[in-house]
Amino acid sequence: MSNTNKTFAARCYDLLLQIPNGKITTYAAIATALNSKAYRAVGSAMAKNEQLINIPCHRVVKSNGCVGNYRLGTEEKIKILQKEGIMIKNGKIINFSRYLYSFN
DNA sequence: CCGGTGACTAGTC
DNA sequence: GGACTAGCCACCG
């Protein structure tokens, strides 16, 4: 596979931009979409995200249905997701698998 | 080059 | 279901 010369983080961001409003994905899903198992690197990429406004990194959650962490705090992440129409109970996403977005 | 680190994951108890 | 462990990979100093 001819991968881009971009950094892993840049490729993550590119994928995030494909996620439509009201949909979410997981760190593992992103890594898989990039043909890698770097779930942790995905998280690191989000943590370094400077374009918080442009990149919907709040739509990335854990594999077990927890919202995971966020640059501005988990509480903020939950707020945003709820505003996108996603119900969250005790840090867990209701009907988690139903909001999942699949990359091509 | 190598070790530490992290918005993770899967398994066990 | 919470707590702990080991494995995972890109990035940084």
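Please read these numbers as outputs of a predicted model, since none were measured by experiment. Numbers restart at 1 for each chain; the letters A, B, ... are given by sequence-line order, proteins then strands.
Atom CG in Leu34(A) sits roughly 19 Å away from atom P in dC8(C) (whole-Å rounding). Rounded to an integer number of Å, the gap from Tyr27(A) OH to dA10(C) P is 18 Å. Between Arg11(A) atom CZ and dC9(C) atom C1' the separation is 12 Å, expressed in whole Å. Regarding Ile30(A), its CD1 atom lies at a distance of 16 Å from the C1' atom of dC8(C), rounded to whole Å. Nucleotide dC11(C) holds its P atom 14 Å from the NZ atom of Lys6(A), rounded to whole Å.
Rounded to the nearest 0.5 angstrom, Leu16(A) CG and Cys57(A) SG are separated by 7.0 Å. The CG atom of Asn21(A) sits 4.5 Å away from atom CZ of Arg59(A), with the distance rounded to the nearest 0.5 Å. Taken to the nearest 0.5 Å, the OH atom of Tyr39(A) stands 8.5 Å off from the OG atom of Ser63(A). Remark: Asn95(A) CG to Lys89(A) NZ distance equals 13.0 Å, nearest 0.5 Å. Remark: Lys48(A) NZ to Tyr13(A) OH distance equals 8.0 Å, nearest 0.5 Å. With rounding to the nearest 0.5 Å, the separation of CE in Met46(A) from CD1 in Ile55(A) is 7.0 Å.
Remark: Lys23(A) NZ is packed, more than 12 non-hydrogen atoms of other residues, nucleotides or ligands lying under 6.0 Å away.
As judged by a 4.0 angstrom heavy-atom cut-off over every strand, Ala38(A) is placed among residues touching the sugar-phosphate backbone only. Residue contacts shown for Ala47(A) include a base, since a base heavy atom lies under 4.0 Å away. When heavy atoms are screened at a 4.0 angstrom cut-off, Tyr70(A) is found touching base atoms of the nucleic acid.
The two residues Tyr27(A) and Asn69(A) make their nearest non-hydrogen contact at OH-O, 3.7 Å. Phe103(A) and Ala33(A) make their closest contact through CD1-CB, 3.8 Å (heavy atoms, listed as atom of the first residue, atom of the second, distance).
Contact of the Tyr70(A) side chain with the Leu52(A) side chain is registered, since non-hydrogen atoms from C-beta on lie closer than 4.5 Å. Between Ile80(A) and Lys83(A) the shortest side-chain heavy-atom distance does not fall below 4.5 Å.
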Quiz item: Which dot-bracket notation, 5' to 3', represents the base pairing of DNA chain B when pairs are defined as Watson-Crick or G-U with both distances under 3.5 Å, crossing pairs as [ ], and inter-strand pairs as |?
Solution: .|||||.||||||

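Taking every heavy atom of residues 86-104 of chain A and every atom of DNA chain B, no pair lies under 4.0 Å. In the region residues 60-69 of chain A, proximity to DNA chain B at under 4.0 angstrom, judged on heavy atoms, holds for Lys62(A), Ser63(A), Asn69(A).
Judged by distance alone, with hydrogens and angles left aside, the side-chain atoms of Arg11(A) form no donor-acceptor pair with the main-chain N or O of Leu34(A) at under 3.5 Å.
Read 5' to 3', the first and last nucleotides of DNA chain B with an atom closer than 4.0 Å to a heavy atom of chain A are dG6(B) to dA10(B).
Annotation for Tyr99(A): hydrophobic cluster partners, listed by chain and number, are Ile24(A), Val61(A), Val67(A), Ile78(A), Leu81(A), Ile86(A), Met87(A), Ile88(A), Ile93(A), Ile94(A), Phe96(A), Leu100(A) (ILVMFWY side-chain heavy atoms under 4.5 Å, direct or chained).
In this structure, Tyr39(A) and Lys48(A) both approach DNA chain C, and ranking their closest nucleotides by distance from the 5' end singles out Tyr39(A).
Arg40(A) is linked by a salt bridge (Lys or Arg N to Asp or Glu O under 4.0 Å) to nothing, counting only residues two or more places apart in sequence or in another chain.
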